[in-house]
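Encoded as structure tokens, the structure appears first; notes follow it.
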Amino acid sequence: MTKIVLITGASRGLGKNMALHLADQGRDIILTYNSNQQEAESVVKAIEAMGRKAIALQLNVRKSESFTDFSNEVKQQLQTHWQRDHFDYLINNAGTGIYKTFVETTEADFDQMSDEHIKGPFFLIQKLLPLIKDGGRILNVSSGLTRLAYPGFVAYAIMKAAVELLTLYLAKELGERQISVNTIAPGAIETDFSGGLVRDNKAVNDQIAQLTALGRVGIPDDIGGAVAAILSNEANWINAQRIEVSGGQGI
């Protein structure tokens, strides 16, 4: 039976790339978007052109009060499009970054990072658990910034550190349902994250490339391909792991 993957924040960037790689692997996709429905529908069409099923649902991960309604919508869409009551894999990818030093970070900045990267995933997983198939998988997205400290990312990085600890606890508590839980931690990637800091700032790009064993920064395909490998049928035994995909950054 075809496996269904729900990916948050998959209308663009790394989430989009993950969706396309997984569809190429034969998965069907439920993707979420925050505000740009047109971008999301273009991803759906690209997946359908590959011969897979896909739908796009609106979700703001900062609004945990909406998660019950979202879960009910997922349940309805599963029955409508797949005649099933469960999906197989959940990827918690949605979220933005804030590039500010510790001194510059405001309480509002801190709350935004917390809502997007730890409170949101925590309670979204909780609401979606009844819809995740026994033997399924959860993949949380962290960051190489939990291992290497770069000034300006403190609020973002400490939330991602919490995501990594959440992964360990979930792997332990969900083991009785044979649900594995892992974290993928991308290194610096050329996307629009943090205003395209790595992609568009040549000085930053060159600096990180010099600190990376493979001599370059990452591109979205590096992460999408890694996610497809982690969620492949052959990787069932990987559990409770932080898997960094950074090309050997900072070693």
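One is the number of the first residue; the rest follow in order along the sequence. We use all heavy atoms of the structure for the numbers below, so side chains are in, but hydrogens, waters and symmetry mates are not.
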Ile98 and Gln112, any side-chain heavy atoms less than 4.5 Å apart: yes
With no hydrogens and no angle check, do the side chains of Gln25 and Ser232 hold a donor and an acceptor under 3.5 Å apart? no
Only one of Arg84, Gln77, Gln79 passes side-chain hydrogen bond (donor to acceptor under 3.5 Å, both in side chains) with His81, and that residue is Gln77
Testing the 3.5 Å rule here: is there a donor-acceptor pair between the side chains of Thr106 and Asp109? yes
Check the orientation of Phe153 and Tyr99. Use parallel for under 30°, tilted for 30 to 60°, and perpendicular for over 60°. tilted
Output yes when Arg147 and Glu244 qualify as a salt bridge under the 4.0 Å nitrogen-oxygen rule, no when they do not. yes
Heavy atoms, side chains only, cut-off 4.5 Å: are Arg52 and Arg27 in contact? no
Would you call Arg137-Asp88 a salt bridge at under 4.0 Å N-O? no
Value rounded to 0.5 Å, distance of CD1 in Ile91 from CG in Asn182: 11.5 Å
Has Gln83 got more than 12 heavy atoms of other residues, nucleotides or ligands less than 6.0 Å from its CD? yes
Between the side chains of Glu164 and Thr146, does any donor sit under 3.5 Å from an acceptor? yes
Are Ile158 and Tyr150 grouped together when hydrophobic residues (ILVMFWY) are joined by side-chain heavy atoms under 4.5 angstrom apart? yes
Kindly indicate, with the supporting measurements, whether the criterion side chain to side chain donor-acceptor pair (under 3.5 Å) is fulfilled by Thr68 and Lys127. CA-CA 6 Å; Thr68 296; Lys127 292 296 183 182; 3.2 Å; yes
Any salt bridge linking Asp111 with Lys119? Criterion: basic side-chain nitrogen under 4.0 Å from a carboxylate oxygen. no
Checking salt bridge (charged side-chain N to carboxylate O under 4.0 Å, His left out) for the pair Lys3/Asp28: CA distance, chi angles, key distance, verdict? CA-CA 6 Å; Lys3 288 183 169 59; Asp28 289 348; over 6 Å; no
Looking at side-chain heavy atoms only, is the closest gap between Leu78 and Phe87 below 4.5 Å? yes
Would you say the side-chain atoms of Thr183 and Asn140 include a donor-acceptor pair closer than 3.5 Å? no
Distance alone, cut at 3.5 Å: any donor-acceptor contact between the side chains of Asp221 and His21? yes
